[in-house]
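Have a look at the structure below before the remarks.
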Amino acid sequence: MTTRAPFGSWPSPITAASLVASSTPVGSPRFVGDSIWWLEGRPAEGGRFTVVADGEAHRELVPAPYNVRSRVHEYGGAAWAPVDDGAGDRLVFANFADQRVYLHTGDGLGPLTPASVPAGEPGADPQLRFAEFTASRRDGEVLAVCEDHTGAAPERYIVAIPLDGSAAADAAALRRVTPPSRFVAYPRVSPDGMHLAWISWEHPQMPWDGTVLHVGDLDDTGMVGRVRDVAGSTTESVLQPEWLDATTLAFISDRTGWWNLYAQDLDADGTRALCQRAEEFAEPLWQIGTTWYRVLDDGRILTAHGTHGMALGLLDPDTGALRDLDLPLTHALPSGVRAGTGSPGAGLQVLTLSQDTTEGAGIRLVDVDTGTIHTVRRSLAELPAAGALPVGRAMDFPGDGGAVVHANVYAPALAGLDGPEGELPPFVAFVHGGPTGQARIGLSLNIAYYTSRGIGVVDVNYAGSSGFGRAYRDRLAGQWGVADVADTVAVMRGLVDAGIADPQRLAIEGGSAGGWTTLACLTDTDTFAAGISRYGVADLEALVADTHDFEAHYMESLVGPWPEARELYAERAPINHVDRLDCPVLLLQGDEDRVVPPNQSRKFADALAAKGIEHAYVLFAGEQHGFRKAANIVRAQELSLAFYAHVFGFTADVPPIELTRGAGRTP
């Protein structure tokens with residue numbers, strides 16, 4: 001029997017508190033000896049990350065207050081690695097607070113790199129940061145990417161860190177292995193220890209615009225001598241070099257318009273395509289150390305590939321044949337491979353960080369021969385009832401100028417509930433960040449939180465999104481604030497035309513670059529009745545003057561050259577068009593955000609107050625770019641629902657929100 005109730009007010013079993021209580025971020029899984037280790041978040045401990053080992057009781061290896069998180073490029077990544085194959089629980093990690101590298105053993109831990117906060121400047125940023133640890137050709141040290149802010153301008157290079165702790169008090173004991181570049185990633189030592197491969201790029205490129213793959217000869221001291229540029233340019237993005245043998249290097253390149261796999265024999269001329277398809281074998285490198293393929297002992301390559309999401313396949317590099325594994329996963333990245341262990345006859349095992357539609361994100365162990373999947377650790381400790389989960393549907397919508405816009409649509413869904421007869425539901429457009437991110441179908445409690453209450457969600461892959469080739473990404477080149485806005489509006493128009501969404505109850509929300517598109521849609525169109533910006537960009541000129549080094553020139557490809565295009569920057573910025581906005585806005589911001597500083601949302605809130613627009617501005621103490629503390633995640637989720645309840649006039653099971661038309665900020 002179906003009960004009819006107003007959209008938005010359905011009695012959902014998914015609360016913000018249960019969403020956070022049952023959700024544990026997991027990532028960076030590794031095979032370590034016979035064990036599996038991974039990175040795990042602790043929202044209840046202020047968003048701290050630790051390293052955990054599998055077993056009957058998951059064993060925490062890095063104790064509080066240490067927080068395993070790097071600030072290289074501010075987005076971090078690859079913040080830990082095992083040492084000596086995990087013997088004695090040995091690992092190295094970057095600690096978030098001081099960005100020093102520590103060595104953890106079964107007997108304790110100690111620093112390996114020097115303190116680098118400037119003397120007499122309490123609260124200042126550490127000037128040395130490290131990530132992507134890998135074995136050196138020399139015993140007693142590890143290689144890492146070093147981000148160095150001690151000079152007039154930041155620079156990065158590969159550094160050797162001694163494991164005896166001698167560099168903890170003497171920075172001179174850190175040995176620079178490669179020449180400096182503005183950005184570097186993927187240090188890879190050849191199997192014979194004679195060569196080091198890595199990539200670099202310079203401003204104004206981002207790593208998805210253009211990178212260069214280098215190979216350096218290593219001398220007896222472990223230093224790079226002669227350097228050869230193997231592939232890449234300012235217009236070709238090369239990612240993840242891996243050695244196939246002592247003289248053959250595999251890598252990913254988008255030279256055809258798609259990130260595909262290639263190989264280069266260093267003793268011969270020319271590059272060989274391993275598998276050319278109109279699919280992506282990589283994604284934008286936002287977090288350092290991200291990998292998309294693994295080389296097996298028999299020479300085959302286990303690789304992720306796809307468009308709307310990534311499947312796992314086994315590639316024969318000699319023939320180019322690619323055989324997909326038959327797995328019920330909507331997105332999967334290979335984190336490690338090993339010969340089967342445990343039961344007799346167990347085949348090749350793959351460790352994946354993956355997503356599906358029933359259990360969500362998690363770490364899974366896959367037997368390649370049988371297709372058997374063992375869940376090592378789910379992000380969601382408890383799964384909501386199936387009747388509260390929506391079914392995502394990939395849809396394409398006609399955009400401006402003949403463009404096709406991709407999106408994933410989630411209709412309201414709660415078993416036994418439906419909206420009033422003849423009434424269409426409100427719909428919220430989710431706008432991902434990046435703007436090179438990608439919305440993929442899978443179990444998302446953030447989406448289910450809305451849909452189980454009777455609010456539809458559409459996750460938009462606007463121009464610039466990854467997964468659909470370089471041409472789709474490049475549709476946003478010089479058009480940020482134009483093409484993304486047009487695509488989002490086209491999707492909403494398509495939902496309305498199809499009789500799926502109520503045209504009078506359309507909302508939009510997004511974080512970071514998604515917050516920019518949210519504010520641009522609100523100021524440039526009359527499509528939406530409300531919007532929520534989470535740490536979103538509002539003022540381009542202010543962002544150029546006050547952002548971190550990794551994205552310091554990103555606006556040049558998204559908008560235009562600076563300062564030559566200053567007028568265009570002003571024309572695009574939502575802060576300069578608040579006079580065209582006439583609907584409620586909710587602004588959520590972390591007070592320690594260095595990627596999109598708080599002055600962005602603060603200025604927009606002041607402009608809303610000056611015009612008398614209903615709004616709320618909520619500043620979260622101790623949060624950076626993205627909310628990690630349990631209490632703040634709960635509050636942000638409940639504020640969002642309360643905001644929509646206020647705007648669309650339904651009753652919600654959360655405390656009401658207080659909006660203001662004048663100056664004032666929610667404490």
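Because the structure is a prediction, the values reported are computed rather than measured.
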Donor-acceptor contact below 3.5 Å, side chain [X] vs main chain [Y]:
{"X": "Ser237", "Y": "Pro207", "result": "yes"}
{"X": "Gln264", "Y": "Leu249", "result": "no"}
{"X": "Thr211", "Y": "Val238", "result": "yes"}

Full working for side chain to side chain donor-acceptor pair (under 3.5 Å) between Thr150 and Asp148: CA-CA 6 Å; Thr150 59; Asp148 188 339; 2.5 Å; yes
For the residue pair [Y] / [X], report whether a side-chain donor-acceptor contact shorter than 3.5 Å exists.
{"X": "Arg138", "Y": "Ser136", "value": "no"}
{"X": "Ser601", "Y": "Tyr617", "value": "yes"}
{"X": "Ser116", "Y": "Gln127", "value": "no"}

So which of His214, His553, His73 actually passes ring pair (Phe, Tyr, Trp, His ring centres under 6.0 Å) with Trp201? His73
Going through the checks in order, is the side chain to side chain donor-acceptor pair (under 3.5 Å) test met by Thr436 and Trp286? CA-CA 9 Å; Thr436 62; Trp286 281 100; 2.6 Å; yes
Measuring from atom OG of Ser512 to atom CD of Glu551, what distance do you get when rounded to the nearest 0.5 angstrom? 6.5 Å
Do Ile532 and Leu588 have side chains that approach each other closer than 4.5 Å (heavy atoms only, starting at C-beta)? yes
Show me the pairs that pass side chain to side chain donor-acceptor pair (under 3.5 Å) and involve residues 564-576, at least two apart or across chains. Glu541-Arg566
In residues 191-199, what donor-acceptor pairs under 3.5 Å come from side-chain atoms, sequence neighbours left out?
| residue | atom | partner | partner atom | Å |
| --- | --- | --- | --- | --- |
| Asp192 | OD1 | Ser190 | OG | 2.7 |
| Asp192 | OD1 | Met194 | N | 3.0 |
| His195 | ND1 | Asp217 | OD1 | 3.0 |

